[in-house]
Trainee: 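Dropping the structure in here first, questions after.
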Amino acid sequence: MFECNICLDTAKDAVVSMCGHLFCWPCLHQWLETRPNRQLCPVCKAAIGKDKVIPLYGRGSSQQEDPRNKVPPRPAGHRTEPENTTGFPGFGFGEGGFHMSFGIGAFPFGFLTSTFTHPDQRTSQATRGVLHHEDEFISKIFLYVAISFILWLLIA
Amino acid sequence: MSLIKEPLPGVVVDGDQAENLSLWIIHMTGAEGTLYEGEHFQLQFKFSPKYPFDSPEVTFIGPNIPVHPHVYSNGHICLSILTEDWSPALSVQTVCLSIVSMLSSCKEKKRPPDNSFYVKTCNKNPKKTKWWYHGKICVTSYLCIIDY
């Protein structure tokens with residue numbers, strides 16, 4: 001009657017899925033690990049997951065069994081607390097503002113580096129080529145443009 | 001074990017195989033009122049150490065391999081529950097039932113269209129074949145692509 005649907009023995013550390021199917025937690029855990037991105041109930045193929053199974057505690061099961069090394073403990077039963085915490089939302093908002101200002105500050109530096117490092121890489125690749133002097137000339141022009149641009153930024 | 005307790009019509013486990021639990025031979029008779037009525041087949045189940053989390057390797061063996069659009073002449077079966085739709089709650093009994101049902105629903109006895117090519121090039125293990133399924137069973141068996 002209370003047999004695990006995977007190992008067919010009496011369910012140990014029993015858990016039941018939302019769709020009502022009984023398993024040993026070690027058996028079900030191993031199945032969920034087998035296909036982590038496609039977690040389906042072995043019996044009815046309903047969506048299933050670690051957070052969506054309910055442990056079954058029989059009478060006198062308050063003594064904890066030996067924790068198994070390979071298998072994490074059964075997910076705990078869900079108890080909704082009546083209390084509502086109020087401090088948390090304000091804290092979360094402040095954190096978000098900090099992230100936004102950091103992103104804007106960092107932007108121009110990223111832009112400059114990506115623009116002006118490319119000509120240097122090209123010259124190093126083309127040093128053996130016929131267009132060696134021409135490339136060097138162009139890279140120098142770019143360098144001057146870059147320096148003047150940075151100076152202009154500093155002054156302005 | 002449940003196969004002995006609640007036998008399926010026309011499905012019998014080979015009695016003398018207690019010494020090897022990783023290889024089972026099942027004798028099967030085509031269901032009455034179908035194209036395979038009265039025919040006898042043998043199914044081989046190979047269980048890996050990971051069973052039941054890993055599906056068994058199921059093939060038809062012996063002199064009579066059913067002529068069916070999803071059964072290749074080397075005994076390989078194109079059935080999704082034997083690979084990607086496998087579930088550890090399935091048993092030898094339920095797999096046999098699926099195969100009997102697959103045979104019973106057949107309307108025309110013929111081999112898969114890519115049979116000769118597949119049989120020449122496939123791996124011995126049908127689980128190494130990358131089957132393309134359409135619904136529960138592959139209807140586009142000519143698309144079966146060989147993996148590895």
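Labels below follow one simple rule: chain letters A, B, ... track the order of the sequence lines, proteins then strands, and each chain is numbered from 1.
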Trainee: Applying a strict under-4.5 Å side-chain criterion to I, L, V, M, F, W and Y, I'd like to know whether Tyr51(B) and Val58(B) cluster together.
Mentor: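 Yes; Val58(B) is reachable from Tyr51(B) via cluster members.
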Trainee: Got Phe53(B) and Arg35(A) here, is their nearest side-chain heavy-atom distance under 4.5 Å?
Mentor: no
Trainee: For residues Glu84(B) and Arg38(A), report the shortest heavy-atom separation together with the two atoms involved.
Mentor: O-NH1, 3.0 Å
Trainee: Whether the side chain of Lys45(A) engages the backbone of Ser87(B) through a donor-acceptor N/O pair (distance < 3.5 Å, no angle test) should be reported.
Mentor: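 Not at all, since once roles are kept as given, no pair shorter than 3.5 Å links the two residues.
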Trainee: Counting heavy atoms not belonging to Glu32(B), are there more than 12 under 6.0 Å from its CD?
Mentor: no
Trainee: Could you see if Phe45(B) belongs to whatever hydrophobic cluster contains Leu79(B)? Use Ile, Leu, Val, Met, Phe, Trp, Tyr and a side-chain cutoff under 4.5 Å.
Mentor: yes
Trainee: What heavy-atom pair brings Ala89(B) and Pro42(A) nearest, and what distance separates the two atoms?
Mentor: CB-O, 3.4 Å
Trainee: For Lys109(B), I'd like to know if atom NZ has over 12 heavy atoms of other residues, nucleotides or ligands within 6.0 Å.
Mentor: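 Buried by this count: over 12 neighbours within 6.0 Å.
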